[in-house]
Number of protein chains: 2
Amino acid sequence: MSTTTSRTSSDDARRDPAGSVSDACRRVDLGQSLGILLRRWHDAVDLALAGVPHGPRGFQVLGAVVHDEPPTQAALAESLGIDRTVMTYLLDDLVAEGLVERREAAHDRRARRVVATASGRAALRRFEDAVRVAEESVLCGLDDDERELLQRLVRRSAHASPSSPA
Amino acid sequence: MSTTTSRTSSDDARRDPAGSVSDACRRVDLGQSLGILLRRWHDAVDLALAGVPHGPRGFQVLGAVVHDEPPTQAALAESLGIDRTVMTYLLDDLVAEGLVERREAAHDRRARRVVATASGRAALRRFEDAVRVAEESVLCGLDDDERELLQRLVRRSAHASPSSPA
DNA sequence: TATTGTTATACTCTATAACTATA
DNA sequence: TATAGTTATAGAGTATAACAATA
């Protein structure tokens with residue numbers, strides 16, 4: 001972990017010593033920058049989510065259960081783009097932690113309705129606060145307005161699906 | 001892959017049916033949005049990088065070799081935040097593909113200097129063009145100005161290291 | 001026959017440690 | 001002894017297919 005985290009000197013190496021200036025402007029690094037930010041988000045948030053099974057993934061599921069109240073486990077999985085087989089593991093551990101419960105769906109005895117427990121709801125509130133704080137540190141280097149702007153742009157482009165703009 | 005890609009209904013599910021409105025504004029989803037964008041970037045770019053060993057990872061290494069000309073393999077790995085052991089595999093396959101070469105570093109017979117071949121340099125140019133095109137599709141939903149703005153903000157915040165702002 | 005959820009298997013990535021050859 | 005690079009092993013994460021119960 002320590003070797004990977006040492007991204008200190010990367011800023012130096014990125015100065016484009018020999019390359020042409022015009023090329024430097026068109027530098028292809030969107031994916032790289034996104035990757036750096038996401039990794040930093042993980043590093044920051046993993047601490048805030050200590051105790052949540054599967055960390056960010058479990059947190060995401062818990063949040064979807066509470067906020068979106070999907071009718072079935074399958075709907076929950078699909079809404080998050082998580083595979084059903086993965087959802088089984090995630091829920092197993094969230095249930096074991098007492099954060100959510102699996103109940104039978106009223107009208108379909110195959111399906112399960114996933115609901116948060118009282119303690120799960122309370123935990124989610126705490127974790128969301130902690131994550132909000134952690135996220136601030138991810139976007140350091142930007143002032144408040146820029147941070148707000150970046151969040152909006154990222155959110156909007158992420159939710160504008162390329163295949164289904166509807 | 002088809003199950004994971006069906007992120008269509010997520011926009012519907014994200015309308016916050018029961019939650020309070022003020023909470024919806026403070027919704028914690030930076031990491032989620034970044035994850036969606038990065039995954040979309042991968043999907044788009046993987047096609048453009050067909051033929052590059054290890055896809056985006058190998059492309060990143062090739063770009064660093066050409067643009068930054070790091071003195072040693074270790075420096076290359078550290079500048080990209082890639083583990084040395086991983087770098088070995090990546091370079092093995094880039095070498096096998098004839099894109100880069102390992103030469104002995106002049107003054108240290110332990111170290112290797114990684115240089116791009118002529119074909120590697122030419123390939124990089126082609127791949128960078130293809131990636132530039134692919135990246136456009138990732139940020140659909142934003143107009144040109146917003147795209148430019150997002151790229152700048154993402155790049156800047158990614159390169160502003162939280163641990164070493166110097 | 002199709003679908004919900006579970007289980008099992010395999011494949012990729014990554015993390016760690018051990019090894020070599022040089023310094 | 002410490003470092004550059006390699007190799008081997010183990011652990012997450014994910015994708016796929018097969019299965020049981022129900023529709």
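These numbers come from the heavy atoms of this one structure, side chains and all, not from hydrogens, waters or symmetry mates. Letters A, B, ... mirror the listed sequences (proteins, then strands); counts begin at 1.
In this structure, CZ of A:Arg109 is placed 18 Å from C1' of C:dA2, rounded to the nearest angstrom. Atom CG in A:Asp93 sits about 12 Å away from atom P in C:dT7, given to the nearest Å. Following rounding to the nearest Å, A:Glu104 (CD) and C:dT3 (C1') show an atom-to-atom distance of 16 Å. With rounding to whole Å, B:Asp108 atom CG is found 8 Å from D:dG5 atom P. Across the protein-nucleic acid pair, A:His54 atom NE2 and D:dT14 atom P stand 10 Å apart, rounded to whole Å. Counting to the nearest Å, the C1' atom of C:dC13 and the CD atom of B:Gln60 are 14 Å from each other. In this structure, B:Asp83 atom CG and D:dT6 atom P are separated by 13 Å, rounded to whole Å. Look at NE2 on A:His42: it is 14 Å from C1' on C:dC13, rounded to the nearest Å.
Remark: A:Arg102 engages A:Asp92 in a salt bridge, criterion side-chain N to carboxylate O under 4.0 Å. By the 4.0 Å N-to-carboxylate-O rule, B:Arg113 lies too far from B:Glu101 to be salt-bridged with it. Between B:Arg126 and B:Asp129, no side-chain nitrogen of the basic residue sits less than 4.0 Å from a carboxylate oxygen of the acidic one, so the salt-bridge criterion is not met. Ion pair B:Asp43/B:Arg40 not flagged as a salt bridge, since none of the NZ, NE, NH1 or NH2 atoms sits closer than 4.0 Å to an Asp/Glu carboxylate oxygen.
Of the side-chain N and O atoms in A:Arg57, none sit less than 4.0 angstrom from OP1 or OP2 of D:dA12. The shortest distance between the side-chain N/O atoms of A:Arg102 and the OP1/OP2 oxygens of C:dT6 is below 4.0 Å. Listed pair A:Arg112 / C:dT4 fails the phosphate criterion, with no side-chain N or O lying under 4.0 Å from OP1 or OP2. When the side-chain nitrogen and oxygen atoms of B:Arg84 are compared with OP1 and OP2 of D:dA4, one or more of them lie within a distance under 4.0 Å.
Residue B:Thr88 places its side chain closer to D:dG5 than to any other of D:dT14, D:dG5, D:dT9. In the set C:dT4, D:dT22, C:dG5, C:dG5 carries the atom at the smallest distance from any side-chain atom of A:Gln73.
Toward the 5' end of DNA chain D, the nearer of the two residues B:Ala74 and B:Tyr89, judged by each one's closest nucleotide, is B:Ala74. The residue among A:Met87 and B:His107 whose nearest nucleotide of DNA chain C is located toward the 5' end is A:Met87.
A donor-acceptor contact under 3.5 Å is formed by the side chain of B:Thr85 with the base of C:dT16. Donor-acceptor pairing under 3.5 Å, judged by distance alone, is present between the side chain of B:Arg110 and the base of D:dT3.
Side-chain contact, A:His67 with A:Glu128: a donor N or O sits under 3.5 Å from an acceptor N or O.
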